[in-house]
Structures are given as C-alpha cells and as structure tokens.
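Following: one structure in structure tokens, then a few remarks.
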Amino acid sequence: MSRTDLLMFLADEIVARKVEDRPLKVGIDGRSGAGKSTLADELGLAITRKGFEVLRASVDDFHNPRERRHKQGEFSARGYYEDAYDYESVVSALLGPLSGSTFPVLCRQLSFDQRTNLPLSPPPVRASANTILLVEGIFVFRGRLNGYWDYRILLDIDTQTSLGRAVARDTGVIGPAEVVRRKLEVRYEPAWQMYVAEVNPEAEADVVIDNRETANPQILNRA
C-alpha cells in the first residue's frame, strides 16, 4: 500500500477507538531504525487534520543517566535492555496523568537529555480530553508501560535494514561508523532479541507493519 493509505488507515483505526471524555494513548514500537519517529510525526499530522490535539513523545527523552545506562558496560546488550530507560518517569510524567479521569491535565514530554547527561525540567504541557498521545520508542510494549496503551503499532524491519539505517542516521552523532555498527551488532540488536523472547511484541501489537520499504509499507497482521 502507499504511505498515504497507511497513514489514513492508522488514523482511522486510532480515532475509532477514541472515547469522548479522555485522551487516547498510542505506543509505536520497533527495533533500531524501524522508522518509529518518522511514522509518529506523519501520523500526528494525519490525526490533527481530523480535529484532535496530538501530543508527541519519545522514550528516548526518558533515558537513565549514563552511569546507570552503562553500568553493565557501554556495549552490553543486557545493560541496554535492563538499564537504558527510566520507565517510572515515563509513567509519572506522561502516561499516568493522561490515564486519569479529570481533564485538562498537566504532563511532561521529556525528563532527561542523554547527550548532555543531564536531567530536564521543561514547563508542563496541557492535555485535554481531546488529546491523542503518540509515544514512540524501543521496548514500549514492556510490562511497566504496556497496560497504558489503547493502540499498539509495531514496525517490522530486518536486521540488515536496521543496520544500514542506523549507520546512516547515527554516524557522526554517537560516533564514527564503526562504533555505530558495533553498538548495533553487539548492544542494540541482541537487546531487541531479548525483548522478542521475553515480551513477543508482535503478539501484543494491534497492527504489525513491514516498514522495510517506507514508500510502500505493508500490513502484516492486525488484531
């Protein structure tokens, strides 16, 4: 299907689940380079056109400090899976407030800057009952977060596509190409396999999308 058709399909599916008196929360998951951020941005525009307020967030803005992230080693897959993200802050700052019964409510879209390794305290944002929250990131169907989602999207790509996109995206940002490649092969991809074995994100998803060809994505499975 075309990219436009996919966005229309997803926007319709999400809006159909929206109830009048509370926000709706969407989780977008996938291995490194799956296209989560791009899809969330495009989907946000499609939903906004339908008359809803969209709140965008990423779990990458809720990292733990470097000392915690790397306590099992900078290239440790287990360390990435267990220590990278501050899920309690995701819940307390964002998912918890949007899961209440009284709106509008104040929430925060980020808590930590991993590049400066410093906490962030941005002004809170106001979310109304008309809000649709789009949160993208790896491992977002894990137990601490999974119960909050009203709709779950899984983007599927193969390992080689993930590697190619990560090298193109992150070279010069987190290091030279060889460091990016090593991190993906030794840390990120093995951690994704741990997640697949423990959580089985495909079984949790409401829709699974083959996003190897971004201009022509394919729906592989839907609940």
Side-chain angles (χ1 to χ4, degrees), residues 3-4 6-30 34-65 84-155 199 201 204-207 209 222-223:
R3 189 79 177 178
T4 299
L6 174 68
L7 294 170
M8 290 176 60
F9 165 78
L10 292 174
D12 287 344
E13 288 284 298
I14 290 166
V15 168
R17 287 166 167 76
K18 178 75 173 64
V19 295
E20 185 177 353
D21 61 347
R22 64 189 59 200
L24 184 136
K25 303 176 293 296
V26 179
I28 304 172
D29 205 338
K36 301 179 292 292
S37 298
T38 299
L39 179 70
D41 290 340
E42 294 173 342
L43 187 53
L45 292 175
I47 293 171
T48 299
R49 295 188 191 106
K50 290 180 174 290
F52 294 90
E53 300 170 16
V54 171
L55 186 62
R56 272 280 284 114
S58 172
V59 293
D60 279 344
D61 293 318
F62 291 90
H63 271 88
N64 279 314
Y85 296 104
D86 181 1
Y87 296 117
E88 295 305 319
S89 289
V90 179
V91 172
S92 63
L94 192 60
L95 297 180
L98 268 71
S99 299
S101 57
T102 303
F103 300 96
V105 68
L106 296 179
C107 60
R108 286 185 169 85
Q109 295 161 280
L110 64 168
S111 70
F112 196 85
D113 186 337
Q114 64 168 322
R115 296 183 183 179
T116 63
N117 200 41
L118 292 171
L120 298 171
S121 297
V125 296
R126 177 181 177 274
S128 74
N130 195 46
T131 295
I132 293 179
L133 172 69
L134 303 177
V135 179
E136 54 83 13
I138 196 169
F139 312 145
V140 299
F141 300 166
R142 292 183 76 168
R144 186 65 181 99
L145 304 183
N146 195 43
Y148 287 96
W149 309 125
D150 302 299
Y151 191 70
R152 298 166 182 82
I153 301 170
L154 177 64
L155 296 181
V199 174
E204 298 294 332
D206 292 289
V207 61
I209 299 163
R222 53 183 293 197

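Because the structure is predicted, anything quoted here is derived from the model rather than measured.
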Minimal non-hydrogen separation, V105 against P97, with atom names: CG1-O, 3.6 Å

Taking all non-hydrogen atoms of both residues into account, name the closest pair between P23 and D150 and its distance. O-OD2, 4.1 Å

Between CD1 of I138 and CD1 of I28, what distance do you get to the nearest 0.5 Å? 14.0 Å

Any non-hydrogen side-chain atom of V91 less than 4.5 Å from a side-chain atom of R144? yes

Working for side chain to side chain contact (heavy atoms under 4.5 Å, CB included), residues I209 and L6: CA-CA 9 Å; I209 299 163; L6 174 68; 3.7 Å; yes

Pairwise side-chain contact, N64 with F112, heavy-atom cut-off 4.5 Å (strictly under): no

Do L24 and L98 have side-chain heavy atoms sitting under 4.5 Å apart? no

Can you sort out the partners of N146 under side-chain contact (heavy atoms from CB on, under 4.5 Å), two or more places apart, ordered by chain and number? F141, W149, R152, E204

When rounded to the nearest 0.5 Å, the distance separating CG of L134 from OG of S37 is 11.5 Å

Inter- and intrachain pairs under side-chain hydrogen bond (donor to acceptor under 3.5 Å, both in side chains), touching residues 107-121, at least two apart: E67-N117

Counterpart residues, ring-ring contact (aromatic ring centres under 6.0 Å, His included), relative to Y85 (two or more places apart): H63

Closer than 3.5 angstrom, by distance alone: can the side chain of T131 be matched with the main-chain N or O of S128 as a donor-acceptor pair? yes

Check against side chain to side chain contact (heavy atoms under 4.5 Å, CB included), V207 and F9: CA-CA 11 Å; V207 61; F9 165 78; 4.1 Å; yes

Between L133 and L94, is the side chain to side chain contact (heavy atoms under 4.5 Å, CB included) condition met? List the steps. CA-CA 9 Å; L133 172 69; L94 192 60; 4.1 Å; yes

Take K25 and V135 through the test side chain to side chain contact (heavy atoms under 4.5 Å, CB included) and record every step on the way to the result. CA-CA 8 Å; K25 303 176 293 296; V135 179; over 6 Å; no

Within the 4.5 Å heavy-atom criterion, are L110 and S58 side-chain neighbours or not? no

With sequence neighbours left out, write down each residue that passes side chain to side chain donor-acceptor pair (under 3.5 Å) with T48, or none if nothing qualifies. none

Grab the two heavy atoms, one from G137 and one from D29, that are nearest each other, plus how far apart they are. O-OD1, 3.3 Å

Who pairs with D86 by side chain to side chain donor-acceptor pair (under 3.5 Å), at least two apart in sequence or on another chain? S89

So that I can tick it off, tell me whether D12 and K50 are bridged by a salt bridge, with the cut-off set at under 4.0 angstrom between side-chain N and carboxylate O. yes

Can you tell me how far the OG1 atom of T102 sits from the CZ atom of R22, to the nearest 0.5 Å? 9.5 Å

Over all heavy atoms of both residues, which pair between A127 and F103 is shortest? Give the atoms and the distance, please. O-CD2, 4.1 Å

The reported gap from CD1 in I153 to CG in L10 (rounded to nearest 0.5 angstrom) is 4.5 Å

Closest non-hydrogen contact found for L7 with A46 is O-CB, 4.4 Å

Heavy atoms of Y151 and I14 approach each other most closely as CD2-CG1, 3.6 Å

Between the CG atom in D206 and the CD atom in E13, the distance rounded to the nearest 0.5 Å is 8.5 Å

For R3, side chain to side chain donor-acceptor pair (under 3.5 Å) partners two or more places apart: E42, N211

Can you tell me how far CD of E136 sits from CG of L43, rounded to the nearest 0.5 angstrom? 11.5 Å

